[in-house]
Structure formats: structure tokens, C-alpha cells
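Written below as C-alpha cells is the structure these notes are about.
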Amino acid sequence: MGSLTPPICNVYVKDAHCAKLSGKQEAFFFISLYLLAFGSAGLKASLPSHGADQFDERDPKEAMQMSSFFNGLLLAVCIGGAVSLTFNVYIQDRYGWDWGFGISTFAIVLGTILFAFGLPLYRIHVAHTKNGIIEIIQVCIQPLVITFLF
């Protein structure tokens with residue numbers, strides 16, 4: 001993976017000529033960024049609603065458990081942010097950005113797999129009659145159609 005690491009550049013030197021990313025380095029960098037953003041947005045957006053579906057808010061005991069779930073979820077998100085800002089920065093400084101992004105991508109893929117394996121254990125299952133991808137496309141295209149028609 002050494003070819004993905006750009007040459008060392010000392011930005012504190014007055015006339016430093018640092019090499020810009022190109023080719024494989026640039027592609028790897030942007031693919032990693034987009035995968036991280038996609039994975040983070042997908043998990044952080046869907047996790048609260050999936051967790052809340054497992055509790056009956058009309059039952060006082062389960063309403064309290066749902067409150068504890070959201071407290072625990074927020075704590076986990078905050079701890080995850082703190083760890084990623086310390087551990088990943090250390091890894092990126094010491095071993096390179098490719099390792100930092102690689103570890104982050106691996107963690108998100110692992111989290112997605114664990115999330116998917118937990119789906120059969122959910123108490124409330126929603127039956128899908130349509131293809132999920134088609135529903136997503138419909139949600140994205142419907143505002144455009146309404147905008148152009150009216």
C-alpha cells in the first residue's frame with residue numbers, strides 16, 4: 001500500500017513544493033471519503049428509528065426502556081466520535097491516510113453486517129411489498145416531478 005501514500009511534504013519550509021495527489025491516490029482518497037459518508041449517514045439515520053420500533057411507547061416500562069435506548073445510542077455515537085478523532089488521527093499521522101480510511105471503512109462495513117444479522121431478532125417486522133431501491137428512487141424523483149408540473 002506504499003504506492004497509495006503521497007511523498008512526505010514539509011509545509012513549514014518556505015518554498016516547499018508538495019506533490020499533489022493523482023491517479024490511484026486521488027481515486028482511493030475520494031472513494032474512501034464517499035464510502036465513509038455513505039456508511040455514516042445510512043447507519044446514523046436508520047439506527048434510531050429501527051431501535052425505537054422495538055418498544056411499545058404505550059407501555060410505561062417499555063417507554064422507559066426506549067428512553068434508555070436513546071441515551072445509550074447517543075452515548076455510543078459520542079464515544080465513537082471521540083475514538084475516531086483520537087485513534088484514527090493517530091493512525092493517519094503514524095501510518096498514512098490509507099490506513100486511517102481503511103480502518104474506518106472496515107468498521108462501518110462491520111457495523112452494517114452486524115446490523116443486518118440482527119434484523120431477524122427484531123420484534124416488529126415490516127412486510128415490504130415493493131423493491132426497496134424502487135421506493136428510494138420514487139422518493140427522490142417525486143419532488144422533481146411535482147416541481148416541473150406545477
What heavy-atom pair brings F69 and P48 nearest, and what distance separates the two atoms?
CE2-O, 4.0 Å
Does the pair E57 and E62 meet the rule for a side-chain contact (heavy atoms from CB on, under 4.5 Å), with working shown?
CA-CA 6 Å; E57 56 193 39; E62 288 195 24; over 6 Å; no
Sorted by chain and number, sequence neighbours left out, side chain to side chain contact (heavy atoms under 4.5 Å, CB included) with L85 holds for none
Of all heavy-atom pairs between P120 and A116, which one has the smallest distance, and what is that distance?
CD-O, 3.8 Å
Under 4.5 Å side-chain heavy-atom separation, chaining through any Ile, Leu, Val, Met, Phe, Trp or Tyr, what else clusters with V109? Say none if it is isolated.
I113, F117
If you look only at distance, which donor and acceptor atoms sit under 3.5 Å apart when one is on a side chain in residues 28-39 and the other is two or more places apart or in another chain?
residue, atom, partner, partner atom, Å
S32, OG, F28, O, 2.8

Connecting only ILVMFWY residues whose side-chain heavy atoms lie within less than 4.5 Å of each other, what is the rest of M64's hydrophobic cluster?
none
Atom of F55, atom of Q65 and distance for their closest heavy-atom approach:
CE2-CB, 3.6 Å
Measuring from atom CD1 of I103 to atom CG of N88, what distance do you get when rounded to the nearest 0.5 angstrom?
6.5 Å
Indicate if F87 and L75 have the same hydrophobic cluster label, given that clusters are the connected sets of ILVMFWY residues with side-chain heavy-atom separations under 4.5 angstrom.
yes
Presence of salt bridge, D59 and K61, under 4.0 angstrom:
no
Taking only residues two or more places apart in sequence, or in another chain, which ones meet V89 in a side chain to side chain contact (heavy atoms under 4.5 Å, CB included)?
D93
Using 0.5 Å steps for rounding, measure from the CG atom of L74 to the CD1 atom of I79.
10.0 Å
Roughly how far, to the nearest 0.5 Å, is the OG1 atom of T105 from the CG atom of D98?
11.0 Å
Can you find a pair of side-chain heavy atoms, one from Q92 and one from F101, that are under 4.5 Å apart?
yes
Ring geometry between Y90 and Y95 (parallel below 30°, tilted from 30 to 60°, perpendicular above 60°):
perpendicular
Applying salt bridge (charged side-chain N to carboxylate O under 4.0 Å, His left out), can you list everything that pairs with E26, at least two apart in sequence or on another chain?
none
